[in-house]
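Scroll down for the structure; my scribbles are underneath it.
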Amino acid sequence: MTLQLYNTLKRKKEEFKPITPGQVKMYVCGVTVWDYCHLGHARAAVTFDMVVRYLRYLGNKVTYVRNFTDVDDKIINRANKEKRDWKELAQFYIDDYEKSMSLLGCESPSDEPKASEYIQNMQDMIAQLIDNGHAYAASGDVFYAVRSFNGYGKLSGKKIDDLESGARVEVGETKRDPLDFALWKAAKPGEPAWKSPWGEGRPGWHIECSCMAKALLGDTFDIHGGGRDLIFPHHENEIAQSEGANGCEFARYWMHNGTLDIDSEKMSKSLGNYFTVHDVLKNYDPEVVRYFLLSANYRSPLNYTTQALDDAKKALDKIYETSARVKSNSAGPAADGNPTFAAAQAGSLPSASPAHMWFQKFTDALNDDFNTPKAYAVIFDAVRDVNRGDADAVAAWPRFIEVVSETLGFAGSNADAYIERQTQLATQKSGVDPAQIEQLLADRKAARAAKDFKKSDEIRDQLTAMGVTIKDRPDGTTEWKLS
RNA sequence: GGCGCGGUGCCCAAGUGGUUAAGGGAGCGGUUUGCAAAACCGUCAUGCGUGGGUUCGACUCCCACCCGCGCCUCCA
């Protein structure tokens, strides 16, 4: 099965064929950097990171551009309010974003352009749009004449006349049509401004993406992504600008991730119902968060609840505990000498092998419009095969988990390190003293040695009350886990 | 008001016009264990929002309705 992806433009799944076979050019709308990024931003970043990883796994060379909007009302207002330089403020939140996304396992994009560095490109495109009859200057502003572009609405499925009757669009003094949007805004006092043929000013929001995509990927490229909430007007306007200026198709495939919700409502700054990535990482391991973010189809809404995060942790724990078991059973590198392991590495497992089916089903799932929940099901089929003790399954597991890690971006850490991290985080959260746990375990060990099971069970109950689960190993040692 | 998306077991979440509706979590029974934990085995939706229709047959297609959400204004 070849990769199928849902194209918002066509409203259906279609086979993905890059313009140049083996090479994918992709642009994803990043964030406006005026505050700390929240989990909704993380969902978008993680989604497209997974997409890029999988495209690369399939053997494509991917150029992945994700922008920063660093010229914007919110940034300017906040900078003025806090008496900071707008550029410094933007950079501060860019750093925060990059750090957060990197923690969540997102690889750095090929390019992360900033709007402020493409002012000239924007002026060039605006001039081109005026030449082409799609834009007009009016008292220092330049507007896009929406009705001049007859494809307007093709992405969002909106009809211009319906928009008009919406009547929520304010008629600006200089706009010829209430639907027209700003490409260039005349300078106001206290705002950053650049010289232009239309007077001092700054760009509108949408033009930057058209220009940065053109500069870094060309007039036509393969995939344009972003959050569902950007379909209109942002992406619709990008199409109008780029196709109006360049005279050719802009992006071939449009992909949109669903929103991250709280109580089934979109997490957003304006509603105030958001958690920053920092907030969430105080309580959950980054890999757990990433697991959670990919646990539903990327196009569906995803509801944030502590239970969902707790469930994600349990599921990921189960995967890692399986890895730890495989490692301790095979004593590590010994797996290299196993023919099944070698075959898995080479991707040539016999088709009858259960492990062969994992790889097949896993890629089938992701080929089906990046169906991560279906891929998760395959992982747990593999977990079961391995824990049953099937020798081939055990041998193939390390390679399988490598593929999972390469494509989904989790489960690839050292298992012992992961488990240790969970313990530390849980200890931190609960405030339980590890030394006290060790002491109780030592007492229990003594009681058990003396066959005083009443006492040893009492100690275990005490530990359970503290949230500690213990596991006696055959070698006489005891593991503990805080939940 | 316009456009669009979704309603699947206790929770989360895939999926298909027709033999047994994935997977995770929780629960329950079992194997194992001194007892536990983990793991494994079994069990857990005669039903997939409601009411109609199409069909030999629909949860999957169509219509209506109810409910939730998104966009129409900045928003990943």
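The chains referred to below are lettered A, B, ... by the order of the sequence lines, with proteins before strands, and numbering in each begins at 1.
- Between A/Asp369 and A/Arg299 a salt bridge is recorded (basic side-chain N to carboxylate O distance below 4.0 Å).
- Taking only side-chain nitrogens and oxygens, A/Lys318 never comes nearer than 4.0 Å to OP1 or OP2 of B/G23.
- Enclosure of atom CG in A/Asn150 is not indicated, since only 12 or fewer non-hydrogen atoms of other residues, nucleotides or ligands lie within 6.0 angstrom.
- The partner of B/C35 cannot be assigned: no Watson-Crick or G-U wobble pair with both contacts below 3.5 Å exists in any strand.
- Look at A/Asn387 and you'll find a side-chain N or O under 4.0 angstrom from OP1 or OP2 of B/C40.
- Nucleotide B/G17 has no partner under the Watson-Crick or G-U criteria, as no pair reaches both atom distances under 3.5 Å.
- For A/Asn273 and A/Glu265, the side-chain atoms include no donor-acceptor pair closer than 3.5 Å.
- A/Glu287 is linked by a side-chain hydrogen bond (donor to acceptor under 3.5 Å, both in side chains) to A/Tyr320, A/Ser413, A/Arg421, counting only residues two or more places apart in sequence or in another chain.
- Considering only residues two or more places apart in sequence or on other chains, A/Asp457 meets the salt bridge (charged side-chain N to carboxylate O under 4.0 Å, His left out) condition with A/Arg460.
- In this entry B/G27 has B/U43 as its Watson-Crick or G-U wobble partner, both defining distances falling under 3.5 Å.
- Between A/Arg228 and A/Asp381, the residue anchored nearer the 5' end of RNA chain B, judged by the nucleotide with its closest heavy atom, is A/Arg228.
- Under the Watson-Crick and G-U wobble criteria, each requiring two contacts below 3.5 Å, nucleotide B/C61 is paired to B/G53.
- Contacts of residues 447-458 of chain A with RNA chain B (heavy atom under 4.0 Å): A/Arg448, A/Phe453, A/Ser456, A/Asp457.
- A donor-acceptor contact under 3.5 angstrom links the side chains of A/His235 and A/His256, judged on distance only.
- A/Arg460 comes within contact range of at least one nucleobase, with a heavy-atom separation under 4.0 Å.
- Each of B/A76, B/C74, B/G24 was ranked by its minimum atom distance to the side chain of A/Arg43; first place goes to B/A76.
- Each of A/Ile470 and A/Asn371 was assigned the nucleotide of RNA chain B with the nearest heavy atom; the assignment lying further toward the 5' end belongs to A/Asn371.
- The salt bridge (charged side-chain N to carboxylate O under 4.0 Å, His left out) search around A/Asp279 returns A/Lys282, not counting sequence neighbours.
- For the contact set between residues 144-157 of chain A and RNA chain B, defined by any heavy atom under 4.0 Å, the members are A/Gly157.
- Take A/Glu238 and apply the salt bridge (charged side-chain N to carboxylate O under 4.0 Å, His left out) test, not counting sequence neighbours, and it matches no residue.
- Across all strands shown, B/A76 forms no Watson-Crick or G-U wobble pair with both distances under 3.5 Å.
- Nucleotide B/C5: paired with B/G68 (Watson-Crick or G-U wobble, both distances less than 3.5 Å).
- Donor-acceptor pairing under 3.5 Å, judged by distance alone, is absent between the side chain of A/Asp263 and the base of B/C69.
- With respect to the salt-bridge test (charged N to carboxylate O, under 4.0 angstrom), the residues A/Asp96 and A/Lys99 do not qualify.
- In this structure, A/Asn297 reaches the sugar-phosphate backbone alone: every heavy-atom distance under 4.0 Å involves primed, P, OP1 or OP2 atoms, never a base.
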